Colleague: 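Here you go, one structure.
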Amino acid sequence: MLHKKELILRSVRLDIVNGVFKPGQKLPAIRQQSEKFNCSVNTIINVYHQLENEHLIYSRPKSGYYVVAQEAHRPSNQKKRIDFSAAAPDPQSIPQLEFRQCLNKAMELFEDSIFTYPDPQGLISLRREIAKLFHQQQVFSSEQQVFIFSGAQQALHLLAGMPFPNGKTNILVEQPTYWGMLSALEAQKQTVIGIERTSSGIDWSTLERHFRNNLIKFFYTIPRFHNPLGTSYTPAEKQRLAELAQAYDVYIIEDDYLADLETNTKADPIRAYNCASHVIYLRSFSKVMLPGLRLAAATIPDSLIPVVSMHKQTADLSTSVLSQGVLEIYLKSGMYEYHAKQMRSLYSQRLQHLRKVLKEVLPTEYLYSTECNGGIFSTIQLFDSNPGDLVSRLENRGVDVLLTDQQFLTSFPKINLLRLSIMRTNEQDIEEGIQIISAELDRHKSVSSSQKPFFWL
Ligand SMILES: Cc1ncc(COP(=O)(O)O)c(C=O)c1O
């Protein structure tokens, strides 16, 4: 049988969770509750303390107890969906308890910094840890060159609008590419040139021509597990890029957002190829940690440090100390390494399964970039003149996918691709989802008799 205190605790907790007491509302006074529940004042005090520990209520001295917030509302009867569209971590795969512990520890360890505005470049102790992490990837830099950003998106946005020491003004991007970079460039009205990147890479003579003739300030590239293609450059291609960048005084923004998922220990970033003066090496922590922490780190060539410092400070004074603290504790304790290893293995199994199922189920003409050997994405090519219609039909059948049209510059000839992400799927989802995609592709095959890709300008 439950103790009286437990019964009262449950009753008050339920009233908070069910919204009988709303956030900000004062709870009945202790004496009033003790009369209502026919118990001692101490029992109610204990109940309120317990609810305070659960962060459901807080006390205001000489006033009483108030509701903090209701439990998050999680709809339980929502129909299951197969989500190939999400590029954010699977909540099931995140060790939430560990993160909570790190968050509590960060409050304690970084108490002094929380009450001030810290270094805009990032906590020096964290930058030291990041420099060590980068070393493991053959990216050698000092903590003075490391910057912490509020997500890779912030870094991209700031870099997009900055003057660069080469004095050039145009920006070269792969086509397709990460939509967030395209929107940052568009918002800042930058002059952007696209270079096609297909499942087999880019055309090197075109790249060199752009570098030579088109006043390229920087080339934004996602060499590893490209978004949306999922493919990677070979070591020889990365070396060539590094050489061209130096030869033509073009900077490279190397967006290594999925470095943690690399299974090939020999796959070094471009920055490892002796080109520290021209490469901004950028890592996001959103894909194996929590995107909500908004954390990324970059190593910046010395010539850019003053201008990056100035822009970062103007943008937000500094990245959240609490988030930085969590990352530092996570890195120092070894939790990061352990968790990244788990994620690497989980996502790699899922991607291999996706590749296998795609090959078994879909005719080869649809398989566009399905030979990726890591990361989270694969793409299939569509020959339908109305791909949006296919996406809606899939949505109605419970399958979420992403068309890559937002990942092209408006002026660039588009190829119709469906991006498939394995982040929030499991093997069963993959099998069911690809069968549904196959059925829908078949249904509309007759609409387009041509097997050629569909382009528009
Ligand atoms: C290639 C690429 N770069 C950068 C980002 C943004 O990362 P962050 O969450 O660190 O801002 C994303 C997000 O999906 C991405 O796909």
Side-chain angles (χ1 to χ4, degrees), residues 80-93 174-180 197-200 222 224-232 257-258 261 263 286-287 291 343-344 346-384 386-408 414-445 453-454:
K80 182 183 173 324
R81 301 193 66 77
I82 298 176
D83 188 355
F84 286 121
S85 65
D90 186 342
Q92 312 288 335
S93 70
E174 293 159 337
Q175 288 294 271
T177 193
Y178 167 52
W179 75 268
R197 178 160 170 183
T198 67
S199 52
S200 41
I222 312 169
R224 195 196 310 264
F225 310 142
H226 183 266
N227 179 358
L229 302 176
T231 51
S232 303
Y257 74 126
L258 285 180
L261 299 190
T263 48
S286 293
K287 304 299 175 189
M343 295 298 93
R344 215 165 15 250
L346 176 75
Y347 293 139
S348 144
Q349 276 167 23
R350 286 184 187 171
L351 194 79
Q352 279 170 31
H353 196 65
L354 176 68
R355 277 174 64 177
K356 180 172 147 282
V357 175
L358 281 172
K359 281 185 190 158
E360 282 167 5
V361 176
L362 290 187
T364 46
E365 68 260 26
Y366 289 114
L367 307 181
Y368 186 71
S369 55
T370 48
E371 286 311 310
C372 325
N373 46 15
I376 55 172
F377 298 127
S378 220
T379 57
I380 58 178
Q381 185 167 358
L382 304 177
F383 305 102
D384 191 328
N386 190 356
D389 184 44
L390 173 76
V391 174
S392 314
R393 280 184 279 115
L394 288 172
E395 227 175 86
N396 291 338
R397 294 190 60 179
V399 179
D400 297 320
V401 289
L402 195 97
L403 258 186
T404 62
D405 53 346
Q406 302 284 324
Q407 303 197 244
F408 286 89
K414 293 177 184 65
I415 173 170
N416 280 336
L417 297 174
L418 268 195
R419 189 187 79 178
L420 303 176
S421 158
I422 48 79
M423 275 198 129
R424 292 196 175 189
T425 60
N426 56 36
E427 299 203 345
Q428 197 189 340
D429 286 346
I430 291 173
E431 284 156 29
E432 285 175 21
I434 299 303
Q435 287 294 352
I436 295 173
I437 291 175
S438 168
E440 287 301 331
L441 285 170
D442 272 354
R443 237 181 87 189
H444 278 255
K445 204 169 180 180
F454 179 76

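Keep in mind the model is a prediction, meaning the values are calculated, not measured.
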Colleague: Indicate the atoms forming the closest heavy-atom contact of T379 with P228, along with that distance.
Modeller: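 Reported closest heavy-atom pair: CG2-O, 3.3 Å.
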Colleague: Give a yes or no on whether E360 atom CD has more than 12 heavy-atom contacts from other residues, nucleotides or ligands under 6.0 Å away.
Modeller: yes
Colleague: Main chain of P176, side chain of H226: is a donor-acceptor contact present, judged purely on distance under 3.5 Å?
Modeller: yes
Colleague: Check Y366 against L362 and note the closest heavy-atom contact, atom names and distance.
Modeller: CB-CD1, 4.2 Å
Colleague: Pick out which of L354, L418, L229 makes a side-chain contact (heavy atoms from CB on, under 4.5 Å) with S378.
Modeller: L354
Colleague: Do D400 and R81 sit within salt-bridge range, that is, some charged N less than 4.0 Å from a carboxylate O?
Modeller: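 Yes, D400 and R81 are salt-bridged.
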Colleague: Has the side chain of Y257 got a donor or acceptor atom that lies under 3.5 Å from a matching backbone atom of F225?
Modeller: yes
Colleague: Would you say that M343 contacts K287 through its side chain, given a criterion of any heavy-atom pair below 4.5 Å between the two side chains?
Modeller: no
Colleague: Before giving the answer on salt bridge (charged side-chain N to carboxylate O under 4.0 Å, His left out), spell out for R424 and D429 the whole-Å C-alpha distance, their side-chain angles and the decisive distance to 0.1 Å.
Modeller: CA-CA 9 Å; R424 292 196 175 189; D429 286 346; over 6 Å; no
Colleague: Looking at side-chain heavy atoms only, is the closest gap between S421 and F377 below 4.5 Å?
Modeller: yes
Colleague: Looking at every non-hydrogen atom in both residues, tell me the closest pair between W179 and Q406 and how far apart they are.
Modeller: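 Looks like CB-O, 3.6 Å.
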Colleague: Taking all non-hydrogen atoms of both residues into account, name the closest pair between S369 and T231 and its distance.
Modeller: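 In terms of heavy atoms, the two residues are closest at CB-CG2, 4.0 Å.
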Colleague: In Å and rounded to the nearest 0.5 Å, what is the CG to CD1 distance from L367 to I380?
Modeller: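 Going from the CG atom of L367 to the CD1 atom of I380 covers 8.0 Å.
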Colleague: With heavy-atom distances below 4.5 Å as the criterion, would you say the side chains of I437 and L390 are in contact?
Modeller: no
Colleague: Roughly how far apart are E432 CD and I82 CD1, rounded to 0.5 Å?
Modeller: 4.5 Å
Colleague: Which value, rounded to the nearest 0.5 Å, describes the distance between R419 atom CZ and I376 atom CD1?
Modeller: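 So the CZ of R419 and the CD1 of I376 are separated by 7.0 Å.
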Colleague: Considering all heavy atoms of both residues, which atom of I222 and which atom of E174 are nearest to each other, and what is their separation?
Modeller: N-OE1, 3.2 Å
Colleague: Side-chain donor-acceptor contacts of residues 85-93 below 3.5 Å, not counting sequence neighbours, with atom names and distances?
Modeller:
from, atom 1, to, atom 2, distance (Å)
S85, OG, D83, OD1, 2.7
D90, OD1, Q92, N, 3.1
D90, OD2, R350, NH2, 3.1
S93, OG, D90, O, 2.6

Colleague: Quick one: pull up CG in L258 and CZ in R344 and give me the separation to the nearest 0.5 Å.
Modeller: 12.0 Å
Colleague: How many angstroms lie between NZ in K414 and CG in L403, if you round to the nearest 0.5 Å?
Modeller: 11.5 Å
Colleague: Charged N to carboxylate O below 4.0 Å: is that the case for E431 and K356?
Modeller: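 Salt bridge between E431 and K356, a charged N being under 4.0 Å from a carboxylate O: no.
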Colleague: Between L382 and P387, which heavy-atom pair has the shortest distance, and what is it?
Modeller: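 Taking every non-hydrogen atom into account, CD1-CB, 3.8 Å.
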Colleague: Are any of the side-chain heavy atoms of I430 and I422 separated by less than 4.5 Å?
Modeller: yes
Colleague: Flag the pair R197 / T177 as yes when at least one side-chain heavy-atom distance between them is below 4.5 Å, and no otherwise.
Modeller: no
Colleague: Taking side chain as C-beta onward, heavy atoms only, is F383 less than 4.5 Å from E365?
Modeller: yes
Colleague: To the nearest 0.5 Å, tell me how far L402 CG sits from N227 CG.
Modeller: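 The distance works out to 8.5 Å.
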Colleague: Show, in sequence, the C-alpha distance, side-chain angles and deciding distance for Q435 and V361, and conclude whether the side chain to side chain contact (heavy atoms under 4.5 Å, CB included) test is met.
Modeller: CA-CA 7 Å; Q435 287 294 352; V361 176; 3.7 Å; yes
